[in-house]
Amino acid sequence: MHDSDSIVIIPTYNEKENIEKIIRAVFSLDKCFHILVIDDGSPDGTADIVKRLMSEEFSGRLFILERKGKLGLGTAYITGFRWALEHEYEYIFEMDADFSHDPNDLPRLYSACHDEGYDVAIGSRYVSGVNVVNWPIGRVLMSYFASKYVRMVTGFKVNDTTAGFKCYRRRVLETIELDKIRFKGYAFQIEMKFTAYKIGFKIKEVPVIFVNRREGVSKMSGGIFSEAFFGVMRLRWDGWTRKYPCPA
């Protein structure tokens, strides 16, 4: 048995400035979380930092899966989901390495699922206004209206559809047919939420403040937004035609 029912999955590529700090921040919380890092062959030595922390301080709490090359955000999380399910965690979190997601909000997402009975808890930038710090105004508007666009096209009643800070109960990931998740970039975040919604899982948006990364380089690209824009129309079609599984 684990000493924690919860694992935080953190995908990384060239995050040497942030990775040790974010790991220590998570492990400093009163609630005990484990961490799984999915590293896509970072040439800057991110994985070496994680392995040093595993051997010196955090054995049994910190884990790493190393992949060869940048294979996409979605495939990183799905790899992590499968590992977490195999290792019998009950609450499975997505979080970025760059402190744009505040580790102090992890217990609030956990509480929404563990104490309030929700199946998915979303750290939402837009459920109570626009809670974003240090983003260029153009990116704020693009993100905000992207979520509005998703809501308009799909009828999905979540304010922050592209959010990447989440907690899933294990039964959600056991029920979603992960092999059928098709998107790799930020459209993956939309697809996972939309699929959980169509299956009938209970979703709660927990207000958080999103802070632009302090160190390192953003992985955002035009191709990621293009996938998301056109992928939403595919999701709408799926919503009409696809037979979704029943909740576990």
Side-chain angles (χ1 to χ4, degrees), residues 6-13 15 18-19 21-23 25-29 31 33-38 73-74 76-78 80-81 84 89 91-116 118-135 139-140 142-144 146-147 150 156 158-170 172-173 176 181 183 185-197 201-216 218-220 224 228:
S6 304
I7 190 151
V8 181
I9 301 172
I10 304 178
T12 57
Y13 184 78
E15 291 287 357
N18 295 305
I19 191 61
K21 297 172 189 172
I22 198 77
I23 287 169
V26 172
F27 287 155
S28 72
L29 298 170
K31 157 70 180 160
F33 293 92
H34 288 181
I35 295 174
L36 173 64
V37 174
I38 312 288
L73 181 75
Y77 275 126
I78 287 175
F81 294 158
Y89 289 93
Y91 302 95
I92 300 155
F93 294 75
E94 297 182 14
M95 191 174 77
D96 289 348
D98 60 7
F99 284 93
S100 54
H101 303 149
D102 186 348
N104 291 304
D105 289 323
L106 286 169
R108 298 173 60 229
L109 298 181
Y110 176 79
S111 178
C113 291
H114 180 269
D115 301 329
E116 299 177 44
Y118 287 92
D119 300 302
V120 182
I122 300 168
S124 177
R125 298 162 290 186
Y126 306 130
V127 70
S128 59
V130 179
N131 295 320
V132 176
V133 176
N134 291 337
W135 254 12
R139 189 169 173 189
V140 173
M142 183 164 54
S143 173
Y144 179 77
S147 283
V150 174
F156 184 26
V158 165
N159 291 284
D160 194 350
T161 56
T162 62
F165 192 20
K166 300 198 290 296
C167 173
Y168 296 100
R169 295 185 72 104
R170 71 173 287 119
V172 177
L173 300 179
I176 289 176
I181 298 296
F183 297 119
Y186 279 80
F188 163 82
Q189 303 290 11
I190 303 168
E191 185 176 11
M192 286 293 295
K193 296 184 197 70
F194 183 72
T195 303
Y197 161 75
F201 287 116
K202 295 193 300 178
I203 299 172
K204 179 175 183 177
E205 291 188 85
V206 177
V208 300
I209 296 175
F210 182 97
V211 180
N212 197 26
R213 68 163 53 238
R214 295 180 289 195
E215 297 182 83
S218 173
K219 314 305 188 294
M220 191 65 65
I224 286 172

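When reading the values below, keep in mind they use all heavy atoms of this one structure, side chains included, and skip hydrogens, waters and symmetry mates.
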Is there a donor-acceptor pair closer than 3.5 Å between any side-chain N or O of [X] and the backbone N or O of [Y]?
{"X": "Thr161", "Y": "Val158", "value": "no"}
{"X": "Asp105", "Y": "Val208", "value": "no"}
{"X": "Arg170", "Y": "Tyr89", "value": "yes"}
{"X": "Thr195", "Y": "Glu191", "value": "yes"}
{"X": "Glu205", "Y": "Ala121", "value": "no"}

Between [Y] and [X], is there a side-chain heavy-atom distance shorter than 4.5 Å?
{"X": "Val120", "Y": "Lys204", "value": "no"}
{"X": "Leu29", "Y": "Pro107", "value": "yes"}
{"X": "Leu36", "Y": "Val8", "value": "no"}
{"X": "Ile9", "Y": "Tyr77", "value": "yes"}
{"X": "Met192", "Y": "Phe81", "value": "yes"}
{"X": "Ile190", "Y": "Phe183", "value": "no"}
{"X": "Cys167", "Y": "Glu94", "value": "no"}
{"X": "Ser100", "Y": "Val211", "value": "no"}

If you look at every heavy atom in [X] and [Y], which pair is closest and at what distance?
{"X": "Tyr91", "Y": "His114", "result": "OH-CD2, 3.3 Å"}
{"X": "Pro11", "Y": "Met95", "result": "CD-O, 3.6 Å"}
{"X": "Gly123", "Y": "Asp160", "result": "O-OD2, 4.0 Å"}
{"X": "Asn18", "Y": "Ala97", "result": "CB-O, 3.2 Å"}
{"X": "Pro103", "Y": "Val26", "result": "CB-CG2, 4.1 Å"}

Practice problem: Start with the C-alpha gap between Phe188 and Ile181, add the side-chain angles, then the distance that decides, and say whether side chain to side chain contact (heavy atoms under 4.5 Å, CB included) holds. | Solution: CA-CA 7 Å; Phe188 163 82; Ile181 298 296; 3.6 Å; yes
Exercise. Give me the one residue out of Asp96, Ile22, Val37, Asp98 that meets side-chain contact (heavy atoms from CB on, under 4.5 Å) with Thr12.
Key: Val37
Practice problem: Any chance you could lay out the side chain to side chain contact (heavy atoms under 4.5 Å, CB included) test for Ile209 and Arg125, step after step, and finish with the verdict? | Solution: CA-CA 6 Å; Ile209 296 175; Arg125 298 162 290 186; over 6 Å; no
Practice problem: Please step through side chain to side chain contact (heavy atoms under 4.5 Å, CB included) for the pair Ile203 and Ile122, ending with a clear verdict. | Solution: CA-CA 7 Å; Ile203 299 172; Ile122 300 168; 3.5 Å; yes
Exercise. Please lay out, stage by stage, how Phe33 and Phe93 fare under the test ring pair (Phe, Tyr, Trp, His ring centres under 6.0 Å).
Key: CA-CA 10 Å; Phe33 293 92; Phe93 294 75; 5.3 Å; yes
Practice problem: Report the C-alpha distance between Phe27 and Ile35 in whole Å, list the side-chain angles of each, state the deciding distance to 0.1 Å, and finish with yes or no for side chain to side chain contact (heavy atoms under 4.5 Å, CB included). | Solution: CA-CA 9 Å; Phe27 287 155; Ile35 295 174; 3.8 Å; yes
Quiz prompt | Row check, Tyr110 ring normal vs Lys31 NZ/CZ: under 6.0 Å, within 45° | solution = yes
Quiz item: Think Lys166 forms a cation-pi with Tyr168, using NZ or CZ under 6.0 Å from the six-ring centre and within 45 degrees of its axis?
Solution: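 No - Lys166 does not lie over the ring of Tyr168 by the 6.0 Å and 45° rule.
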